[in-house]
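Data first, discussion second: the structure below is written as structure tokens.
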Amino acid sequence: MAEQKATNITWHEANVVQTDREQLLNQKGCVIWFTGLSGSGKSTLALEVESKLYQRGHLTYVLDGDNVRHGLNKNLGFSPEDREENIRRIGEVAKLFADAGVIGMTAFISPYRTDRDNARDLLDEGRFVEVFVDCPLEVCEARDTKGLYKKARAGEIKEFTGISAPYEAPAQPELTVNTSDQSLEECTANVIALLESKGLIPVSQ
Ligand SMILES: Nc1ncnc2c1ncn2[C@@H]1O[C@H](COP(=O)(O)OS(=O)(=O)O)[C@@H](OP(=O)(O)O)[C@H]1O
Ligand SMILES: Nc1ncnc2c1ncn2[C@@H]1O[C@H](COP(=O)(O)OP(=O)(O)O)[C@@H](O)[C@H]1O
């Protein structure tokens with residue numbers, strides 16, 4: 001857990017609050033947290049859900065592991081401590097998106113259950129939706145979209161998730177999609193249906 005270093009700081013209440021912004025946007029601010037192995041389909045699925053929600057007039061934002069590690073988290077590597085800090089920061093950023101009324105989506109391996117649960121605890125009940133993007137390691141490795149598994153097997157990348165670093169599957173995710181036997185369309189439809197059933201977006205007419 002990150003240490004609270006700053007002292008003499010005071011919380012300022014805003015005039016316009018989350019519910020005001022939600023009325024404006026006709027949606028509930030929330031976080032859809034995609035977790036799974038590299039190559040399981042987190043980014044592909046998050047971006048497809050975003051396209052579908054955009055077509056329905058919803059405001060979304062996708063935070064993607066590779067992209068965030070080019071900026072905000074460029075000083076973090078892949079040790080357990082750095083992954084923890086990576087996910088802690090993303091959890092806090094995602095919370096800000098939800099407070100802004102946005103449907104925030106995160107596509108990080110987020111391999112540790114405790115780190116994901118800490119991100120969940122930042123949000124009010126029902127506003128954190130964990131989606132386990134389940135896909136066997138063999139399938140992810142066969143896809144090898146970025147050639148990283150090959151490098152990891154050759155020992156050129158240390159601490160690679162699934163090969164030489166752990167992945168802890170969620171115990172009770174709100175949804176599991178299996179990208180090795182469900183199509184992208186099916187997985188996307190399941191995520192959208194879940195958002196509807198939880199009242200985070202209105203049901204499609
Ligand atoms: N050692 C190691 N282990 C796993 N992944 C690695 C590693 N080195 C680089 N990459 C690339 O970084 C992406 C994962 O970053 P994340 O921020 O999602 O990782 S984590 O949540 O902090 O574990 C991951 O992207 P995805 O394939 O989109 O998951 C990889 O492209
Ligand atoms: N049902 C599915 N959902 C998402 N991706 C899928 C699915 N079926 C096959 N794929 C493919 O799997 C790969 C997943 O890559 P990517 O989205 O970059 O994964 P990740 O972000 O988890 O590393 C893509 O090439 C994508 O086309």
Side-chain angles (χ1 to χ4, degrees), residues 2 31-53 60-94 104-120 122 128 130-170 173 175-194:
V31 175
I32 312 174
W33 192 282
F34 296 93
T35 173
L37 293 171
S38 176
S40 59
K42 304 178 297 294
S43 306
T44 305
L45 183 54
L47 295 176
E48 189 59 23
V49 169
E50 174 163 67
S51 296
K52 287 284 180 296
L53 289 174
T60 57
Y61 195 81
V62 176
L63 292 161
D64 183 274
D66 273 324
N67 295 358
V68 171
R69 281 175 174 278
H70 277 97
L72 176 67
N73 289 351
K74 69 194 301 183
N75 62 330
L76 299 176
F78 291 92
S79 66
E81 299 72 29
D82 279 9
R83 290 186 201 243
E84 178 186 346
E85 177 60 12
N86 185 35
I87 298 310
R88 188 192 71 79
R89 289 184 199 170
I90 296 313
E92 292 287 353
V93 173
M105 288 183 263
T106 64
F108 294 78
I109 297 176
S110 43
Y112 298 114
R113 210 171 282 144
T114 307
D115 298 345
R116 295 192 302 266
D117 287 346
N118 287 337
R120 177 188 288 276
L122 295 172
F128 185 95
E130 188 175 27
V131 178
F132 178 28
V133 184
D134 193 7
C135 186
L137 177 65
E138 309 81 72
V139 176
C140 295
E141 199 167 351
R143 287 178 181 162
D144 209 4
T145 45
K146 301 169 198 159
L148 299 180
Y149 282 99
K150 193 160 177 254
K151 285 189 182 167
R153 287 288 182 197
E156 291 165 30
I157 306 178
K158 307 283 176 226
E159 300 187 284
F160 195 81
T161 307
I163 306 289
S164 44
Y167 178 77
E168 299 171 359
L175 177 70
T176 297
V177 292
N178 196 318
T179 65
S180 63
D181 56 39
Q182 289 175 290
S183 69
L184 178 59
E185 291 66 33
E186 201 179 335
C187 297
T188 305
N190 288 350
V191 175
I192 303 271
L194 180 67

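All values derive from a computational prediction rather than experimental measurement. Every number for a ligand or one of its atoms is a count from 1 in the order of the listing.
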| Looking at Phe78, is Arg69 sitting on its ring face, NZ or CZ under 6.0 Å from the six-membered ring centre and within 45 degrees of the normal? |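 Output yes; distance and angle both within limits.
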| request: Please say which of Glu48, Gln182, Glu50 ends up in a side chain to side chain contact (heavy atoms under 4.5 Å, CB included) with Thr188. | output: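 Checked Glu48, Gln182, Glu50 against Thr188; only one passes side chain to side chain contact (heavy atoms under 4.5 Å, CB included): Glu48.
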| query | How far does CG of Leu137 sit from OG of Ser180, to the nearest 0.5 angstrom? | reply |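 Going from CG on Leu137 over to OG on Ser180, the span is 12.0 Å.
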| message | Assess the residue pair Phe34 and Met105 against the criterion (side-chain contact (heavy atoms from CB on, under 4.5 Å)); give the C-alpha distance rounded to whole Å, side-chain angles, the decisive distance to 0.1 Å, and a yes or no. | response | CA-CA 7 Å; Phe34 296 93; Met105 288 183 263; 3.9 Å; yes
| said: Show me, by chain and number, every protein residue that has a heavy-atom distance under 4.0 Å to ligand 1. | reply: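 Within 4.0 Å of ligand 1, the protein residues are Ser38, Gly39, Lys42, Gly65, Asp66, Arg69, Phe78, Arg83, Asn86, Ile87, Phe108, Ile109, Ser110, Pro111, Lys146, Leu148, Ile157, Lys158, Glu159, Phe160, Thr161.
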| For ligand 2, the residues whose heavy atoms come within less than 4.0 Å (ordered by chain, then number) |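 Contacts of ligand 2 under 4.0 Å: Leu37, Ser38, Gly39, Ser40, Gly41, Lys42, Ser43, Thr44, Arg143, Thr145, Thr179, Gln182, Ser183, Leu184, Cys187.
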| said: For the backbone of Ile157 and the side chain of Lys151, can you confirm whether one donor and one acceptor N or O come within less than 3.5 Å of each other? | reply: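 Pair absent, no side-chain N/O of Lys151 close to backbone of Ile157.
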| request: Please tell me if the side chains of Cys187 and Thr179 come closer than 4.5 Å, counting only heavy atoms from C-beta onward. | output: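 The answer is yes; the side chains approach within 4.5 Å.
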| request: Might you work through the side-chain contact (heavy atoms from CB on, under 4.5 Å) test for Thr35 and Tyr167, ending with a clear yes or no? | output: CA-CA 10 Å; Thr35 173; Tyr167 178 77; 2.7 Å; yes
| message | Does Arg83 form a salt bridge (Lys or Arg N to Asp or Glu O under 4.0 Å) with Glu159? I'd like the steps, not just the answer. | response | CA-CA 11 Å; Arg83 290 186 201 243; Glu159 300 187 284; over 6 Å; no
| said: Closer than 4.0 angstrom, basic N to acidic O: yes or no for Glu85 and Arg88? | reply: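 Salt bridge present between Glu85 and Arg88.
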